[in-house]
S.K.: 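Sharing a structure here in structure tokens format.
For ligands, and for the atoms within them, numbers begin at 1 and follow the listed sequence. Owing to the predicted nature of the structure, the values given are computational and were not obtained by experimental measurement. Note: hydrogens, waters and symmetry copies are ignored here, and every other heavy atom, side chains too, is used.
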Amino acid sequence: MIGILDSGVGGLSVLNEIRRRLPGHAVVYVGDSAWCPYGTKEPEDIRNRCRTICDFLGDQGAEIIVIACNSATIAAIEILRTEYPLPFVGMEPAVKPAAQASRSGVIGILATEASLQGEKFHRLVSTHAGGVRVITQPCPKFVELVEAGTLEGSEVDAAIDEYTGPILKAGADVLILGCTHYPFLSRAIRARLPDGVQLIDTGEAVARRVESLAGPAGDGSTTIYTTGDLARLEALLPKLGPGLDATCHRLALD
Ligand code: DGL
């Protein structure tokens with residue numbers, strides 16, 4: 001079974017990619033909506049929360065765990081790898097492909113505060129950005145909007161303009177979606193970007209990595225746990241996981 005975790009519903013963007021690539025594998029997803037956002041929390045608290053969820057996923061029979069959350073990847077994945085006898089796959093903003101694709105020599109990375117402050121993030125940028133200028137921007141409203149199921153409209157457009165305006169003004173021609181909640185807004189973001197500005201997401205690359213590590217297929221079931229409101233998750237699912245045949249449960253975590 002493939003275990004997946006995120007601070008909330010954002011990681012469903014990764015689950016969707018994994019489902020497309022590995023339709024026969026059993027998947028258990030934990031969305032920690034009761035404790036969302038992770039992006040404003042301390043790394044040590046994020047690590048402890050991830051340990052609790054990984055223990056649960058291990059008990060459920062996870063053979064591989066996908067940290068479908070950039071903030072949790074940055075704060076916790078290195079230590080989790082030393083603590084659990086399981087392969088972990090995490091999210092990494094695609095700095096190298098973005099730097100290579102940029103013609104203006106300026107790229108933007110949209111991510112949470114926790115991701116942008118992480119040491120792992122700084123290492124990634126200094127290793128892969130080459131001579132390209134990197135402008136970073138936390139986008140907390142994007143997470144709130146996606147958790148509420150608001151994927152378009154004036155509030156979304158205003159947040160997009162606020163967050164992308166300064167980066168575009170600085171000449172960026174490639175923007176990286178460095179948080180798993182943001183791809184749910186990619187259609188709205190694309191509609192407001194000038195021609196020639198590219199948007200890069202890492203969900204598909206992560207699904208390919210999971211495919212290369214996963215064992216034989218299972219029963220193809222999808223089980224989703226939320227630490228938040230079950231009825232809200234069920235209402236959001238047709239929007240965030242269209243066509244997903246999932247069983248949903250509430251999960252109480254201490
Ligand atoms: N989806 C998460 C990420 O990829 C975090 C959103 C949040 O909880 O702040 O970083």
S.K.: Any idea which part of V143 is under 4.0 Å from ligand 1, heavy-atom wise: side chain, backbone, both or neither?
M.R.: side chain
S.K.: Are K120 and T73 close enough that some pair of their side-chain heavy atoms sits under 4.5 Å apart?
M.R.: yes
S.K.: Answer with yes or no whether H181 contacts ligand 1, where contact means a heavy atom under 4.0 Å from a ligand atom.
M.R.: yes
S.K.: I'd like to know if P37 contacts ligand 1, where contact means a heavy-atom distance under 4.0 Å to any ligand atom.
M.R.: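 Yes.
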S.K.: Strictly by modelled atom types, are N16 and R19 linked by a side-chain donor-acceptor pair under 3.5 Å?
M.R.: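 Side-chain D/A pair, N16 to R19: absent.
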S.K.: Would you please determine whether G8 falls within less than 4.0 Å of ligand 1 on a heavy-atom basis?
M.R.: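 False for this residue.
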S.K.: Would you say the side chains of D32 and T227 form a donor-acceptor pair under 3.5 Å?
M.R.: yes
S.K.: Please write down residue, atom name and distance for the protein heavy atom closest to atom 9 (O) of ligand 1.
M.R.: G39 N, 2.8 Å
S.K.: For the pair R192 (side chain) and D161 (backbone), establish whether a donor and an acceptor sit closer than 3.5 Å, ignoring hydrogens and angles.
M.R.: no
S.K.: Using the benzene-type ring in the case of Trp, are the ring centres of Y29 and Y225 under 6.0 Å apart?
M.R.: no
S.K.: Kindly confirm or rule out an N or O of Y38 lying under 3.5 angstrom from an N or O of ligand 1.
M.R.: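 For ligand 1, there is an N or O atom that lies under 3.5 Å from one belonging to Y38.
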S.K.: Show the nearest heavy-atom pair for residues S71 and G39, with the distance to one decimal.
M.R.: OG-CA, 4.0 Å
S.K.: Assess the side chains of R250 and T226: does a donor N or O sit below 3.5 Å from an acceptor N or O?
M.R.: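 Side-chain D/A pair, R250 to T226: absent.
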S.K.: One residue to check: C36. Relative to ligand 1, which of side chain, backbone, both or neither has a non-hydrogen atom less than 4.0 Å away?
M.R.: side chain
S.K.: Heavy-atom contacts under 4.0 Å between S7 and ligand 1: side chain, backbone, both, or neither?
M.R.: side chain
S.K.: Tell me, which protein residue and heavy-atom name are nearest atom 2 (C) of ligand 1, and how many Å apart are they?
M.R.: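 For atom 2 (C) of ligand 1, the nearest protein heavy atom comes out as C69 SG, 3.3 Å.
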S.K.: Answer with yes or no whether the side chains of E155 and T150 bring together a donor and an acceptor at under 3.5 Å.
M.R.: no
S.K.: Using a 4.0 Å cutoff against the non-hydrogen atoms of N70, which atoms of ligand 1 qualify?
M.R.: 3 (C), 4 (O), 10 (O)
S.K.: Could you find the nearest protein heavy atom to atom 10 (O) of ligand 1 and give me its residue, atom name and distance?
M.R.: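 Looking at atom 10 (O) of ligand 1, the protein heavy atom closest to it is S71 OG, 2.6 Å.
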S.K.: Is it true that the side chains of D45 and Y38 contain a donor and an acceptor less than 3.5 Å apart?
M.R.: no
S.K.: Answer with side chain, backbone, both or neither: which part of D6 has a heavy atom less than 4.0 angstrom from an atom of ligand 1?
M.R.: side chain
S.K.: If you measure from each non-hydrogen atom of T112 to ligand 1, which part falls under 4.0 Å: side chain, backbone, both or neither?
M.R.: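 Under 4.0 Å from ligand 1, T112 contributes side-chain atoms alone.
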